[in-house]
Amino acid sequence: MTNELVRIGELIRKRKVIVCCGAGGVGKTTTAAALSLAAARAGRRVLVLTIDPSRRLAETLGVSRNPPTPVAVPADRQAAAGIHAPASLDAWMLDPKLVADESVRRLTKTPEDAERVLSNRIYQQVSSMVAGMHEYTAMEALYRLVHEGQYDLVVLDTPPSRHALDFLEAPRRLSGLVDSSALQAFLPRRDSLVGRAASRVIEKILGAVFGEEFAHELVGFMMTFSGIFSALNVDVNSMRKFLSGPDVAFLLVTSPAPATLAEAHFFQDKTKELGLPFRGFVLNRSRARNTSKRWPDESTLEDLPAEAKTALPRLQAMAQGELESAKRDLALLTELEQRAGTSATAIAVPELPEGADDMVTLLTIADALAAS
């Protein structure tokens, strides 16, 4: 049902960016790491960008969590995984605050302005106050790294939330808020005697309500940070254009659980709404491949003692449950293929031990993805 050009194996070999979206707990981070391994084994220079990975995954890749810049997976682990120069694999366990701080330094006019924002208590809480800022920092890092040209492919593991794509809208909403007449009234004015008098009254009211220190920080934050939004909007518009282009693929990772399937459908609708190139579903922890397993019969136990053969009915009951699960997952895969349409694909990744982030498991998933 799928077109060869949109199979995941082809995406791994040809795209510059693969963005993995999905609910939490579906193995999205592990899938992103496996995609990166597959691409590096195919001869590409690859970076996997992930937010708050499990400690075990970081240990498996041999990199620390939240370093300030991307780091290379140790050479011995790359060699063991079949990655050889000029191919390479780097990882960045991304610290959103580090990226946000770097964005502030880049977008403010002077180092003094940047320092005023970075030391402001309101800014230090803004990522938790505003939906989409956390996700924006991840995409900003991705966009910058791709355009620096150091990597052939960057694989991004997005945060496990419905806000994962809202970064495209967040700066516009924020800019509208800061530019609104209601908020502008709180900014100090020096354009006229009346304006200066009104500003003093507003500052006095803010000080009475919030305390003078907090009021001063609030006004300072709005003054400095409001100047960032015009540049922020330019960045987001550039990102939107790039992420809608032919070098990018969005993959939606899900599991057979109804709640995660609903999230995958939501993300697909969101990519369509935003004009982003959705290229496939990854049905993780699936038993869709298990329908061809051998059915247990007397010949299965022929070499065992007679007392062991009495367990055959129980073994067949377990096999029946396994077969029913496999048929269910196969039906889900067919449904996802139909939902994907002709410009995307769907693949089932075999069920593996939950939470397994060891290199053997990652390579097993990588091979399944690359061969798709």
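All values below come from the heavy atoms of this structure, side chains included, with hydrogens, waters and symmetry mates left out.
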> Between Leu369 and Ile12, does the side-chain contact (heavy atoms from CB on, under 4.5 Å) criterion hold? Intermediate values first, please.
CA-CA 9 Å; Leu369 294 169; Ile12 289 168; 4.2 Å; yes
> Output yes when a side-chain donor or acceptor of Arg44 lies under 3.5 Å from a complementary backbone atom of Asp152, and no otherwise.
yes
> Under the side-chain contact (heavy atoms from CB on, under 4.5 Å) criterion, do Val17 and Leu142 qualify, and how do the steps go?
CA-CA 8 Å; Val17 174; Leu142 178 146; 3.8 Å; yes
> Evaluate the side-chain contact (heavy atoms from CB on, under 4.5 Å) criterion for residues Thr345 and Glu337: first the C-alpha distance (whole Å), next the side-chain angles of each, then the deciding distance (0.1 Å), finally the verdict.
CA-CA 6 Å; Thr345 188; Glu337 286 178 336; over 6 Å; no
> Salt bridge (charged side-chain N to carboxylate O under 4.0 Å, His left out) between Asp247 and Lys14: does it pass, once the steps are laid out?
CA-CA 8 Å; Asp247 291 326; Lys14 295 183 178 180; over 6 Å; no
> Once you measure the plane-to-plane angle for Tyr143 and His147, does it fall in the parallel (<30°), tilted (30-60°) or perpendicular (>60°) bin?
tilted
> Can you give me the closest heavy-atom contact between Ala23 and Glu263, atom names plus distance?
CB-CG, 3.7 Å
> Is any side-chain heavy atom of Thr30 less than 4.5 Å from a side-chain heavy atom of Ile365?
yes
> Kindly determine whether Leu153 and Leu47 satisfy side-chain contact (heavy atoms from CB on, under 4.5 Å), including the steps that lead there.
CA-CA 6 Å; Leu153 172 67; Leu47 170 67; over 6 Å; no
> Which distance, rounded to the nearest 0.5 Å, do you find between the CZ of Phe281 and the NE2 of His265?
5.5 Å
> Side chains of residues 251-259: which donor-acceptor pairs under 3.5 Å do they make with residues two or more places apart or in other chains?
residue : atom : partner : partner atom : Å
Thr254  : OG1  : Thr260  : O            : 3.2
Thr254  : OG1  : Thr260  : OG1          : 3.4
Thr254  : OG1  : Leu261  : N            : 3.4
Ser255  : OG   : Ala257  : N            : 3.3
Ser255  : OG   : Thr260  : OG1          : 2.8

> Indicate yes or no: does Lys28 engage Asp157 in a salt bridge with an N to O separation below 4.0 Å.
yes
> Restricting to non-hydrogen atoms, name the atom on Ile8 and the atom on Ile347 that form the minimum distance, rounded to 0.1 Å.
CD1-CG2, 3.1 Å
> For the residue pair Ala340 and Ala344, what are the closest heavy atoms and their distance?
O-CB, 3.6 Å
> Whether the side chain of Ser244 engages the backbone of Leu276 through a donor-acceptor N/O pair (distance < 3.5 Å, no angle test) should be reported.
no
> Could you tell me which non-hydrogen atom of Leu89 sits nearest to which non-hydrogen atom of Ala40, and how far apart they are?
CB-CB, 4.2 Å
> How long is the straight-line distance from CD of Gln338 back to CG of Leu333, given to the nearest 0.5 Å?
10.0 Å
> Hey, could you give me the CD/CZ distance between Glu10 and Arg15, rounded to the nearest 0.5 Å?
9.0 Å
> If I compare all heavy atoms of Phe267 with all of Cys21, which pair ends up nearest, and what's the gap?
CD2-CB, 4.0 Å
> Distance only, no hydrogens: is a donor on one side chain within 3.5 Å (strictly under) of an acceptor on the other, for Arg339 and Gln268?
yes
> Is Pro70 close to Tyr151 at the side-chain level, that is, under 4.5 Å between some pair of heavy atoms?
yes
> Check this for me: does any side-chain nitrogen of one of Arg45 and Asp90 sit under 4.0 Å from a carboxylate oxygen of the other?
no
> Which pairs pass side chain to side chain donor-acceptor pair (under 3.5 Å) with one or both residues in residues 67-83, sequence neighbours excluded?
none
> How long is the span from the OG1 atom in Thr50 to the CG atom in Leu61, to the nearest 0.5 Å?
9.5 Å
> Nearest 0.5 angstrom please: Leu11 CG to Arg7 CZ, how far?
11.5 Å
> Within the distance-only criterion (no hydrogens, no angle test), does the side chain of Ser286 pair as donor or acceptor with the backbone N or O of Val349 below 3.5 angstrom?
no
> I'd like to check Ile83 versus Leu37 (side-chain heavy atoms, cut-off strictly below 4.5 Å). Are they in contact?
yes
> Output the distance between atom CZ (Phe250) and atom SG (Cys20), rounded to the nearest 0.5 Å.
10.5 Å
> Please report the closest heavy-atom contact between Val63 and Met93, naming both atoms and the distance.
CG2-CE, 3.4 Å
